[in-house]
Amino acid sequence: MTTTASRPGRAAITARTLRTDRWWFAPLVTFVGLGAWVTYATVRVFLHSNYWVEQYHYLTPFYSPCVTERCVEAASHFGRFLPGWWVIPDAALTLPFLLLFRLTCYYYRKAYYRAFWLSPPACAVPDGHKRYTGETRFPLVFQNVHRYAFYAAAAISVINTYDAALAQATGLGLGNVILWVNVVALWAYTLSCHSCRHIAGGRLKHFSKHPVRYRFWTFVSKLNVRHMQLAWITLGTLALTDAYIMALAAGWFSDLRIIN
């Protein structure tokens, strides 16, 4: 019988990690990808130009809704009631809530915790910080507002849908297709949110008594499986939509028209 005293102690491993695979590659790709997107989006938001194509009513989602005094009147579907100072984004009514929704998203939290904070950079790799307090202290305690940011994100998706429908009234072009693809992707990402899944089916003891909520919960659950992929897809569709509308507004090329 082996006694506690005779048992060998824990292995004295001095290496930072015993992983021999390229564990650093995934956080590196995330760091480069998110860093590039944030840089592009920040520059575009504060350029205050090339966001509206009058002929086809194309409005980039980075400027929707356009609510500052600087905005083109035709692009201001909800009025212009904020000062036109350059430090105020033209879509100041929605961008803070979109940023909050993304920052508190469960997937994005994992992504930037690993890629930017190295907390931890990968499984079985030590944390880059000496202390770990989780999300119990300022400012990370505010991650709990994600469930409320979801409602704002859903409302903003409605606005993006309205923008796409308004542009559709002018006919059909490549810009319309890009706008609708972006809207569909945004709705898929928003509805795949973990908070949305909880809203749909949380606190139900008997699904059989709530068939509508059960069906919606089932649909959201299928989307939830793809939440990570949808998070990246929407970054791509947002950048593509903005870049295309910017190019049209700047006169770099003309929209490919299918109808009218």
So for atom CZ, which belongs to Arg226, do other residues, nucleotides or ligands contribute more than 12 heavy atoms lying within a distance under 6.0 Å? no

Would Tyr63 and Leu47 satisfy side chain to side chain contact (heavy atoms under 4.5 Å, CB included), going step by step from the backbone distance to the final call? CA-CA 11 Å; Tyr63 286 74; Leu47 278 179; 4.2 Å; yes

Between Tyr106 and Cys193 (side chain of the first, backbone of the second, donor and acceptor by atom type, cut-off under 3.5 Å), is there such a pair? no

Would a line drawn from the ring center of Phe62 to the ring center of Phe46 be shorter than 6.0 Å? no

Please check if the number of heavy atoms outside Gln229 that lie under 6.0 Å from its CD is greater than 12. yes

N/O donor to acceptor pairs below 3.5 angstrom from side-chain atoms of residues 91-100, sequence neighbours left out:
unit_1: Thr94; atom_1: OG1; unit_2: Ser64; atom_2: O; d: 3.0
unit_1: Thr94; atom_1: OG1; unit_2: Ala91; atom_2: O; d: 3.3

Mind checking whether His77 and Trp52 have parallel, tilted or perpendicular rings, split at 30° and 60°? perpendicular

Hydrogens and angles aside, do Tyr58 and Asn176 bring a side-chain donor and acceptor to less than 3.5 Å of each other? yes

Sequence neighbours excluded - disulfide bond (SG atoms under 2.5 Å apart) pairs with any residue from residues 135-166: none

Pi-cation contact, Tyr112 with Arg102 (under 6.0 Å, within 45°): no

Residues that Arg147 engages under salt bridge (charged side-chain N to carboxylate O under 4.0 Å, His left out), provided they are two or more places apart: none

With hydrophobic residues grouped by side-chain heavy-atom distances under 4.5 Å, do Val53 and Leu256 end up in a single group? yes

Atom CZ of residue position Phe253 - does it have more than 12 heavy atoms of other residues, nucleotides or ligands inside 6.0 Å? yes

Pairs touching residues 205-243 that satisfy disulfide bond (SG atoms under 2.5 Å apart), sequence neighbours left out: none

Around atom OH of Tyr113, are there more than 12 heavy atoms of other residues, nucleotides or ligands at under 6.0 Å? yes

Applying side-chain contact (heavy atoms from CB on, under 4.5 Å), name anything that partners Arg213, two or more places apart in sequence or on another chain. Leu204, His210

Are Tyr107 and Tyr148 linked, directly or through other ILVMFWY residues, by side chains that come within less than 4.5 angstrom of each other? no

Apply ring-ring contact (aromatic ring centres under 6.0 Å, His included) to Phe138 and list each qualifying residue two or more places apart in sequence or on a separate chain. Phe142

